[in-house]
Protein chains: 2
Amino acid sequence: MPRPNRTKEKRAELMPIVASAFSELGYRKATTKALAERCGVQENILYRLWADKKAMFVASIDYLFESTMRQWQTLIDAAEADPAGGTAAERILAYDAAHRGDSGFYRITFAALSETDDPDVRAALKRMYSKFTGVIESQIEGHRGHAAGPSRGGELPGAAVAAWAVLGVATAADIGRETGLLSAAKRKRLVAEAGRWLLEGAGG
Amino acid sequence: MPRPNRTKEKRAELMPIVASAFSELGYRKATTKALAERCGVQENILYRLWADKKAMFVASIDYLFESTMRQWQTLIDAAEADPAGGTAAERILAYDAAHRGDSGFYRITFAALSETDDPDVRAALKRMYSKFTGVIESQIEGHRGHAAGPSRGGELPGAAVAAWAVLGVATAADIGRETGLLSAAKRKRLVAEAGRWLLEGAGG
DNA sequence: AGATTTAGTTAGTATTAGCTTACACAAACT
DNA sequence: AGTTTGTGTAAGCTAATACTAACTAAATCT
């Protein structure tokens, strides 16, 4: 029988390019023509890999989320291997404070958030934020359980609330970056300080 | 001489309709046709009031921001008139916790945040967030200065950081609403708890 | 009334968007 | 070799979008 199907590989090859195009351009300006050009293929090809433009966008959301999760997982693994270097929550927070927004991932979330009347986009976003806050929440719980130091006990917001708040603070950093209102140093302080504050209510 | 120019009045009349259209539909789906239909006029007319679609969008951003500020101002005035009922910061927080997102204002900010490669849109956003965080910051300072109760002093994040964090938490509430991941009650808790926490580090 | 500017209506244009068709070539199999 | 399926290239199609032009009617003035 005939030549083998390389669709999956091709999709994997173009996915990062498509995702970064959506990140940089937003949904509207990431025209199918622009996407194809960046991929160095004809528009045609993209339509053999994904049903339509929206599918390319949704796939980009999933892809970028999973990239982030892989990154986090290495930090979680590192924390497990070497507990003395801080909890996973602390490491993620520190990493995020230093690199928040570097990937431009947040830009795609803004694009998605203004396309939420589409059920597929909304579903992808929901998936993403649900998993994100879930992971953050369990990391916060893990941190509060295992970390020494002055706990503020009952006064602390619940882990679920704190998780959403942490996510919000990170988003604020993104907005500060996007508008040019917050320098890299200030963004770092924002994520680190407010994040730590929400994590355990202590000044570090 | 000839008939008087009603341009300003007409603009003021249509502005809320245009703004709500952008809020509901996002930039992309708020076509000039759709905008005109909602306004009950021909597209033509809109182009006599604003230079182009982008100008309508930017005007909407400014308009919605100013609406919010007027709302806040009444709370600030009320706090000044009756200090016993809580500081302005507390009132704004409480109000926001209860009504966050009702206006759909946040939807336009998401749309704007994915159009930031346009200098005019970026400038409008920058203006908006700059004023917002400025007001929040001064309210936080006012609160910390005047409020009684257990202060956590040096451990608190600076007012500027706290202002951005509060804004972020509010945005997280918007995301939770938009994705359907946070119920009204949970959003309220999020804004109230995390907000209060960031405001003064006390459990209320 | 007549001049002059605004307001409303209708129609239209140029471009571009997303998406498809058609066809030649390449690679795997029997 | 021949068949079959996958891949690449080129062109094109339809619908919609942002934006304009042309014209009529209505106000306000002298």
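Naming convention: chains lettered A, B, ... in sequence-line order (proteins, then strands); numbering from 1 in each chain.
- At the heavy-atom level, Thr31(B) lies under 4.0 Å from the strands shown only through sugar-phosphate atoms.
- Each of Arg6(B) and Met56(B) lies near DNA chain D, and the nucleotide nearest Met56(B) is the one positioned closer to the 5' end.
- Contacts of Asn44(A) with the nucleic acid, taken as non-hydrogen atoms under 4.0 Å apart, include base atoms.
- Classification of Arg144(B) and Glu141(B) as a salt-bridged pair fails, no side-chain N sitting under 4.0 Å from a carboxylate O.
- The side chain of Glu43(A) lies closest to dC19(C), out of dA27(D), dC19(C), dG8(C).
- For the pair Leu46(A) CG and dC19(C) P, the interatomic distance rounds to 11 Å; values are reported in whole Å.
- Figure legend: Lys54(A) and Tyr27(A) shown without cation-pi pairing, the cationic atom not lying both under 6.0 angstrom from the six-membered ring centre and within 45 degrees of its axis.
- Straight-line distance from the NZ atom of Lys53(A) to the P atom of dA17(C): 9 Å, rounded to whole Å.
- When rounded to the nearest whole Å, the span between CD of Glu9(A) and C1' of dG8(D) equals 17 Å.
- Side chain Asn5(B) to base dT5(C): no donor-acceptor pair is found below 3.5 Å.
- We find that Arg177(B) and Asp102(B) are joined by a salt bridge, their nearest charged nitrogen and carboxylate oxygen being less than 4.0 Å apart.
- Nucleotide dT10(C) holds its P atom 11 Å from the CD1 atom of Ile45(B), rounded to whole Å.
- Shown are Arg107(B), Arg100(B), Arg187(B); of these, the salt bridge (Lys or Arg N to Asp or Glu O under 4.0 Å) with Glu178(B) is made only by Arg107(B).
- A salt bridge links Lys29(B) to Glu115(A): at least one charged side-chain nitrogen sits closer than 4.0 Å to a carboxylate oxygen.
- Here dC19(D) is the nucleotide among dC19(D), dA21(D), dC19(C) with the atom lying nearest to any side-chain atom of Tyr47(B).
- In this structure, Gln42(B) atom CD and dG12(C) atom C1' are separated by 13 Å, rounded to whole Å.
- Mapping Pro4(B) and Gly40(B) onto DNA chain C by nearest heavy atom places Pro4(B) closer to the 5' end of the strand.
- Rounding to whole angstrom units, CD of residue Glu13(B) and P of dA7(C) are separated by 11 Å.
- The side chain of Thr32(A) lies closest to dC19(C) when the candidates are dC19(C), dC19(D), dA27(D).
- Distance, Leu49(B) CG to dT6(C) P: 13 Å, rounded to whole Å.
- The distance from atom CD of Glu37(A) to atom P of dT9(D) is 14 Å, rounded to the nearest whole Å.
- Mapping Lys54(A) and Lys10(B) onto DNA chain C by nearest heavy atom places Lys10(B) at the nucleotide closer to the 5' end.
- Here the side chain of Arg48(B) is nearest to one of dA7(C), dA10(D), dC19(C), namely dA7(C).
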